[in-house]
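Beneath this line is the structure, given in structure tokens, with notes to follow.
The sequence lines fix the lettering, A, B, ..., with proteins before strands; numbering per chain opens at 1.
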Amino acid sequence: MATMLDAKNLSISFGGLRAVDDFTIKIEEGELYGLIGPNGAGKTTVFNLLTGVYKPDEGRIILGGKDITRLDPVHKNKSGIARTFQNIRLYSKLSVIDNVKVGLHNQFHYSTLAGILHTPSYRKVEKEIDERARDLLSVFKMEQHADVLASNLPYGEQRKLEIARAMATEPKLLLLDEPAAGMNPNETKELMETISFIREKFGMTILLIEHDMKLVSGICEKLTVLNFGRMLAEGGTKEVLGNPEVIKAYLGDD
Amino acid sequence: MTMKKIQDKYITYGMVVIAYVLCEILMRTGIMSSHIKGLLVPMCYYAIVAVGLNLCVGILGELSLGHAGFMCVGAYTSALFSFAMEDVIPTVPRFIMALIIGVAFSTLFGFLIGIPVLRLKGDYLAIVTLAFGEIIKNIFNAVYLGIDDAGLHISLKDMSSMGMDPSGKILINGAQGITGTPSDANFTIAAFLLLASLFVVQNLINSRDGRAIMAIRDNRIAAESNGINITKYKMFAFTISAAIAGTAGVLFSHNISTLTATSQYFGYNASILILVYVVLGGIGNIRGSVIAAVILYLLPELLRGLSDYRMLIYSIVLIVMMLFNWAPKAREFREKHFAFLNKRKEAR
Amino acid sequence: MSFLTYFINGLSLGSIYAIIALGYTMVYGIAKMLNFAHGDFIMVGCYVVFTVVSTMGLNPVVGIVVSIVICTLLGVTTEKVAYKPLRNAGSPLAVLITAIGVSYFLENAALLIFGADTKAFTSVIPWEGIILAGGALKIQGVTIITIAVSLVILIVLQTFIYKTKAGQAMLAVSEDKGAASLMGIDVNKTISLTFAIGSALAAIAGVLMCSAYPSLTPYTGAMPGIKAFVAAVLGGIGSIPGAMIGGLILGIIEILGKTYVSSQLSDAIVFGILVIVLLVKPTGILGKNVQEKV
């Protein structure tokens, strides 16, 4: 198997605070990788580094053999990284299907003029976009919500829509930031099934941040644990979760 | 695109066409007073600029207080052309060319001003658009332009410093503006341009580019993560919005005989007046902008019988409408007692 | 010497802008709204002084006091009637448009009551001023008083905000309305107080302005209001020293620009400076830069 993501020695400081220090991660193609750690450990900052929201002070990011360290979020996405957000960021005044269509933005093209004049090429491509968006929604069992305003969706569905929208950008690597946050056990279970499903169906490589240990141990093959911006442990899920250091970081030491 | 959205679009066109036909009938049968007749073209250009501003405020989500400035650019550049070419080119091609020139220049200004402005956010962006609007108005008020056998002469100070031969023609006379512009516009052209602006904006909204623009409005960070070029689409929407305002400007200057850059028409007050149309018509609701522009433009004119009290009444109506439309308490009240009036919330 | 004269005149005009801008910036900081009608409070203040002093023939001091009282009441009432119901409307545009409505209302009410003709305002400052450098430099009394008053206001305001309980409450409300109310701060009262202070400042600015530039129409307040708003943004909106600095810079540039560059283009210069400053520092000279958390 080829290496999908190879990030080495990533560091970033905010006003003297070393938010992420010497972070290294290697994810193989098709892997489901978990990034865990206590609150404020720097997990989301790692995501922001990988997706270009922040530029690392040090280190480099290789995606599928290409150096993408200094790309901005737009070009990180174009080169194959898609993400979801811890605090849901949907296009709240757009319908569910339009949210997915925005995700499809770079997959289908017609000229601006064709868009304004609604030429036959516009109609043809829009039809394809519509079909693809509906297909994706049906993968997430959301097709019945297609015309609902995104902000009117129930919470769990909003999280799913974010994943669907990210998948629409046809990424090589999908980053999920606490996908199960705020979900009830039923929703979490359904979400786990969805993640497993898209992994199988699309052969997707996934890196996810999670607090829910059950979810992590249930689906992730490998884990990296962050604490105070530094890597505490990495490796197979079982061994990492059994690591006394990790247990100490999670449960406190007394 | 869903059926609902398609329907929506044609309702707007239909509304404009019916209103146009009705006005034409009233005009031809002589029922319409000449006073009202004189209001028809202004009604259209305010509706046009409101549609343009709504693209910026409602669809792009950036508050502009300088759209009257873009209108000013369109008005001056096109009028300058028409005035200079009055005896050279026949009316129809001249107006078409003037329209193209006015729109081109307002597009250019929208683009150039958009570059710095769109780097700012929120209220800062709003105040800088206001500043640019005032700068444009101020410069047009100060410029002297003339032509003689030696070519063009320009000055920002006074007429004599242009150094123009007395036999030459004064094109722009400072604060006195352009005197004797040909009045080439009429209600039919105005209504057509309104339809054209609606066509552009409504089609744009329902396209790939339109979705990208609205995605940026709703969540810039998510839009970036979806691979959408923020700067490009912000610039694009802002520029188109300025171009539409310029179209309104062309109509403005070809509907009067003397064009001056007064605060009343091109100052921040005018920009705000247009914003009032957009907000009362519903932010992001294109049809609403047209309806609000027409009603609110006509309102003070229809109150003319009340002479001095009309603007006072207008301001009270404005405040009461805002409170009634937006105050959470008033909303509750409406939902309780006027539930049947509420339309289903639509996705846009 | 003439440069110095112009500079001092600029300082004086800037002081007026600064006083207005203080009101703007306080209201913005606390109520998070652009009170477009703020400039018209100035005009109301002027007409009150005009009525009391010129029409009724009373002492200017009485005029100033009455003007401050009326403007304060007007500010508080406006907030209660027109702005407060929209505080949770969910769109900052709603209250902005309402403020514009209030502005139209005040202008047209003044038009009805006082007519459109320009009223000659009698300066409330009888002092001729001082002559320095053997007559080469003459500074008018109103210029000196204006600068002095603005300094006093700045000091009093800073002391009030940082040393008194009510001032601390204002800071808290401007930081976070919800948290402030959980801390037992009466948010409504604090916002009312802010409007009261802002409007009182507008009245003072109005009196000073009309004493220096003695012509009064229903639209007298509009342009100074906008320029003061520009000054507040220039200095960093929400910041009190920022409003002061912004006001002074604007006044000086306006007068010097009018004198040395072009009298027709002075407004363009003023607005041009705003554009340039915001491009270099997008939140104004003393503004805080808040980054969005991802």
Side-chain angles (χ1 to χ4, degrees), chain A residues 47-48 51-53 72-85 88-99 101-112 114-118 122-123 125-127 129-130 146-152 162 165-166 168-171 175, chain B residues 1-6 8-10 13 55 58-61 196-237 239-240 243-244 282-285 344-348:
Chain A
F47 266 32
N48 285 339
T51 55
V53 176
D72 61 21
V74 174
H75 291 92
K76 284 252 168 65
N77 176 261
K78 284 185 178 171
S79 47
I81 296 187
R83 74 177 288 183
T84 65
F85 297 88
I88 302 177
R89 288 180 175 274
L90 288 173
Y91 308 127
S92 50
K93 290 187 202 121
L94 298 187
S95 66
V96 165
I97 191 158
D98 278 351
N99 267 269
K101 285 180 181 176
V102 173
L104 292 168
H105 186 79
N106 290 321
Q107 273 59 57
F108 294 89
H109 295 271
Y110 51 79
S111 73
T112 296
I116 287 176
L117 298 177
H118 283 198
Y122 158 87
R123 289 210 185 84
V125 179
E126 273 295 315
K127 197 162 162 269
I129 294 175
D130 197 70
D147 293 318
V148 176
L149 215 57
S151 54
N152 290 347
E162 259 208 327
R165 187 182 66 185
T169 67
E170 293 177 8
L175 307 185
Chain B
M1 192 166 38
T2 56
M3 276 312 289
K4 174 102 191 112
K5 281 186 193 166
I6 298 173
D8 218 56
K9 201 168 85 175
Y10 289 113
Y13 297 149
L55 174 60
I59 307 301
L60 176 64
S197 312
L198 284 169
F199 179 83
V200 169
V201 174
Q202 301 202 54
N203 278 4
L204 178 66
I205 292 172
N206 289 313
S207 76
R208 177 176 167 271
D209 295 332
R211 281 192 299 265
I213 294 164
M214 289 186 285
I216 294 168
R217 169 197 69 190
D218 283 358
N219 204 312
R220 185 182 59 82
I221 288 167
E224 266 182 341
S225 84
N226 284 344
I228 287 167
N229 186 334
I230 308 288
T231 314
K232 176 182 149 190
Y233 281 106
K234 271 187 168 181
M235 285 295 298
F236 174 64
T239 308
I240 298 282
I244 294 172
I283 298 162
N285 182 338
R344 202 170 59 87
K345 265 202 169 173
E346 292 167 37
R348 162 121 296 163

- Less than 4.5 Å apart, any side-chain heavy atom of A:H105 and any of B:N229?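 Side chain of A:H105 against side chain of B:N229, heavy atoms only: no contact under 4.5 Å found.
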- Query: With a 4.5 Å heavy-atom cut-off, do A:R165 and B:N226 have their side chains touching?
  - Reply: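 Side-chain contact under 4.5 Å: yes.
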- Would you please name every residue forming a side-chain contact (heavy atoms from CB on, under 4.5 Å) with A:K78, sequence neighbours left out?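 Partners of A:K78 by the side-chain contact (heavy atoms from CB on, under 4.5 Å) criterion, ordered by chain and then number, come out as A:V74, A:H75, A:N106.
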- Task: Using side-chain contact (heavy atoms from CB on, under 4.5 Å) as the criterion, list what pairs up with B:N203, not counting sequence neighbours.
- Result: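 Residues passing side-chain contact (heavy atoms from CB on, under 4.5 Å) with B:N203: A:H118, B:K9, B:Y13, B:F199.
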Tell me, side chain or backbone of [X] under 4.5 Å from chain B's heavy atoms, or both, or neither?
X: A:I129; result: side chain
X: A:F108; result: backbone
X: A:T51; result: neither

If you look at every heavy atom in [X] and [Y], which pair is closest and at what distance?
X: A:N77; Y: B:E224; value: CB-O, 4.3 Å
X: A:L94; Y: B:D218; value: N-OD2, 3.6 Å
X: A:Y122; Y: B:N206; value: OH-O, 2.6 Å
X: A:V102; Y: B:A215; value: CG1-CB, 3.6 Å

- Output the distance between atom CZ (B:R208) and atom CD (A:Q107), rounded to the nearest 0.5 Å.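 Those atoms lie 9.5 Å apart.
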- Query: What distance do B:I216 atom CD1 and A:Y91 atom OH have between them, rounded to the nearest 0.5 Å?
  - Reply: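 Rounded to the nearest 0.5 Å, the CD1-OH separation comes to 8.5 Å.
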- Query: Looking at A:D72, A:L117, A:I116, which makes the most heavy-atom pairs under 4.5 Å with chain B?
  - Reply: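 If we count pairs closer than 4.5 Å to chain B, A:I116 comes out on top.
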